[in-house]
Amino acid sequence: MTNTSPPVLDIRNLRVEYPLANGSTLTAVKNIDLTIQPGEIHALVGESGAGKTTVGNALMGLLQAPGKIVAGSISIAGKPIDVRTGRTEGIIPGRDVGAIFQDPMTSLNPLFTVESQLCEGMLTHLNISGREARARALDLMKAVGIPEPERRLGSYPHQLSGGQRQRVVIATALACDPKLIVADEPTTALDVSVQAQILKLIRELADARGVGVLLVTHNMGVVAEIADRVTIMQNGDVVESGSALEVLTAPKAPYARTLISAVPPIDTRLERLPVPSDETKTTRKARDAVRRNSTKGDTARTGDVILDVRNLCVEYGRHSLIPGRKASVFKAVKDVSFDVRRGEIFGLVGESGCGKTTVANTIAGLVTQSSGDIDFQGTALGARRGKSVRQSLQMVFQDPYSALNPRLRINATIAEPILFYNLASTAEQARQDARTLLEAVGLPAETGTRFSHAFSGGQRQRIAIARALGPRPSMLICDEPTSALDVSVQAQLLNLLKDLRDLAGLSMLFISHDLAVIRQMCDRVAVMKAGEIVELADTETLFTAPKHDYTRELLRLAPSLDRILCNESNATSLRR
Amino acid sequence: MIRILSVRLLQALLVMLAVTAIAFIMFRFVGDPVAAMVREGATQAEKDALRATLGLDKPLVLQFIEFVGRVLRGDLGTSFRYQQPVASLLMSRLPATLELVIIATVMALAIGIPLGVLCALKPQAVLSRLTQSMTLVGISMPTFVTGLLLILIFAVNLRWLPSSGRGDLVDLGFWQSGFLTASGLKSLILPSITLALFQLTLIMRLVRSEMIDVLSSDYIRFAFARGLPRSYIYGRLALRNALMPVVTVTGLQIGQLIAFAIVTETVFQWPGMGLLFTNAVGYPDVPVLAAYLLFVGFLFVLINMIVDVLYTFIDPRLRTK
């Protein structure tokens, strides 16, 4: 790349520290060097706590007190940030650095129109009249591809879809023609199809306007899709930095290698994801105990149908007060039928709002179906269900942070359902069982005396799984169990769930929006769209020979590490 | 929009009917008014005659239907004690209470909101700390103590302000106002401060916690990331979001103030509705009590509806497309 203009971002030896209450300091970012050329997309990758968001916040002047820049220099488009004061003086956020946040649902103020939120930055920084600002806003709306831009300017954020809102956010970021945009997880909250559009838009804008983009993300697929260069961070340090192709195909640093190999591939199915196994002598012993418990009196063969869902319909809505008037009803699930066999992991995949979680909640008894039958081990499931049914159907929720009662010790959390279903004769016995379960999911038994806040997200999800296993269920419903977790943690948990399936003969209903995860986990998959199943097939068949257009669309749009790299290597081999 | 309003109206009507029923039942079970009204040693014939004039000899259901009919016509009965129509009695007292409540509410909002914002933005500032501790006193001190202290200081010792009554009034025909004379305004000061203190504390604390919440939201961080001026972010973007629950609370508080300004009115001998009500309880003047119950029910239903409608104006998410 030939360029005479200075890099849009030049970070040298950046160090950010947070003084802690006990007098010591936490170094969030150590000695970061990073440069971005105009028109370049530079991905900053790492797991939670790696310091990647801190770098972005430092650039935007958003470091939360008491955090401060203690060393190093930052210059944006040739203008240095005064790091002595730790503030971005001389560089005005908004004018020199544009920002794109993660969740478009919350980054726009619900009480103001799109126009007002687009124009306020321009009026502050650009010294132009209201009419000029409006004209610019209209241009920006067109540039980011919002249909009916004129009308949309007068809309409030809630009247736009998630993708449109993120486009508005991108338009606001571009409003004052900044040289650099910091995009912090810009597509994490979006569906794959919308994600693909937004990534394409960011790429096009970077190319067309010569804006440098610092893309903070944890998603390797996104990196592979649009980034020119990548920096991988771990614990505030740069582990590896280089061109995207090099780093993703041939990572040199051990951590970079682990991180990249933990990404579940979408094109092949692996028996286990290549992460360090957590199976030790203790876990093996504990798992043997769990197996003995779960197979007691279990005579059914694998392969029998355990759950049979027929013509399931679920409607949400209010009944009209006025008789004879039709109530406003939203059909969340329309005529869905599938079955799950014993020992099988059955996947439900689809975009947000497609009804997959409603199906799970209906089977779990959290929502009642408006029509249709659910047959579970020969019992019809309706609004009221017996204790034995409830015992053998357990659920693992998406967000491990809110799924555990913060006021209960972990032992008590796990022992609670065991005692409720009279599976232990004494409280002491139940606590013993809880300890065994903790060991079985790979946590030391003595951690059971702690409260949930002492654990990381991945550990909490393990605890939630242990709790679900307590009542010795025959079926586990997992609703996006890993979508709130980092890739390496996700890989460990997926391995764990597979182990437990083999161990306890569990059947699983596994819900995810992530096709790669589905491919790794499931035996059969149903693809849902707008409340209906559009395709149901064996996982291998579905991924290799998808029949429905929508499935093909989803597969095409899913950002994937290996496919992009595959294309690249094909291209290079052709060139040779 | 119209659908929401009509559903609201229907609910309001049901609530009012229930309140009317309770008011009616009060007549039947709060003592025998006849025994309280006749002179001592009255004959049975005299009592029966009075019972008939009051309409208390008819069947219960008929009495209720008549009662609802009378209420709808605005006839709330005749006070046992004053022997005047209750409706005109209420109307003569209403201006006093309303003027007091309006001043108190304006005062609470005008002082409470800026203080709340200040406490949220600069929790370490001297004024914030002072406000925080003062409002703690304000919220924990009973109204009559505040009122008596104010009287002691400003009326008895300093002799700056009157200690009781409404001062000189100007009669506007349907409304007797104290707003138009100096002594009327002076008389308003102490009682309205007393009445406002609790609301002020409540609003200040509410604004503070809402503001702290809003400031940590993504859209405010996004506003900072766009480099908008602080005053604009705090004063316009954040405050507007923070004030939404204040609308609800202020609405309900106005209802509370009008209905239950009793203590303040008693302390300052303010001739408002609260005083009418306390006197009625002692007597027992059942028509006044029942009318008061109806009035308070109506007030709350009305205020809730106004708040609901206001909300749709403030929050675009509630406006249907």
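Computed over heavy atoms, backbone and side chain alike; hydrogens, waters and symmetry mates excluded. What you see is a predicted model; the values in this text were computed from it and never measured. Letters go in sequence order (proteins before strands), and every chain restarts at 1.
Across A:T113, A:L108, A:T106, A:L111, the residue that shares the most heavy-atom pairs under 4.5 angstrom with chain B is A:L111. Between chain B and the options A:S116, A:S107, A:P157, the largest number of non-hydrogen pairs under 4.5 Å is found for A:S107. Note: B:G227 leads B:A223, B:G227, B:S217 in heavy-atom pairs under 4.5 Å with chain A.
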(request) Verify side chain to side chain contact (heavy atoms under 4.5 Å, CB included) between A:Q117 and B:Y219, making sure each step is shown before the conclusion. (result) CA-CA 10 Å; A:Q117 302 194 46; B:Y219 50 81; 5.6 Å; no
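The minimum heavy-atom distance linking A:P110 with B:P316 is given by the pair O-CG, 3.2 Å. The two residues B:F222 and A:F101 make their nearest non-hydrogen contact at N-CE2, 3.5 Å.
Counting heavy-atom neighbours within 6.0 Å of B:F298 CZ, excluding the residue itself, gives a total of 12 or less. Within a 6.0 Å sphere centred on CE of B:M134, heavy atoms belonging to other residues, nucleotides or ligands number 12 at most. Within 6.0 Å of CZ in B:R8 there are 12 or fewer heavy atoms belonging to other residues, nucleotides or ligands.
Only the backbone of A:V97 comes within contact range of chain B, judged by heavy atoms closer than 4.5 Å.
To the nearest 0.5 Å, atoms NE2 (A:H158) and CG (B:D315) are separated by 8.0 Å. A distance of 9.5 Å separates CZ in B:R236 from CG in A:N109, rounded to the nearest 0.5 Å.
Checked for salt-bridge contact, B:R226 and A:E120 meet the test: a charged N lies under 4.0 Å from a carboxylate O.
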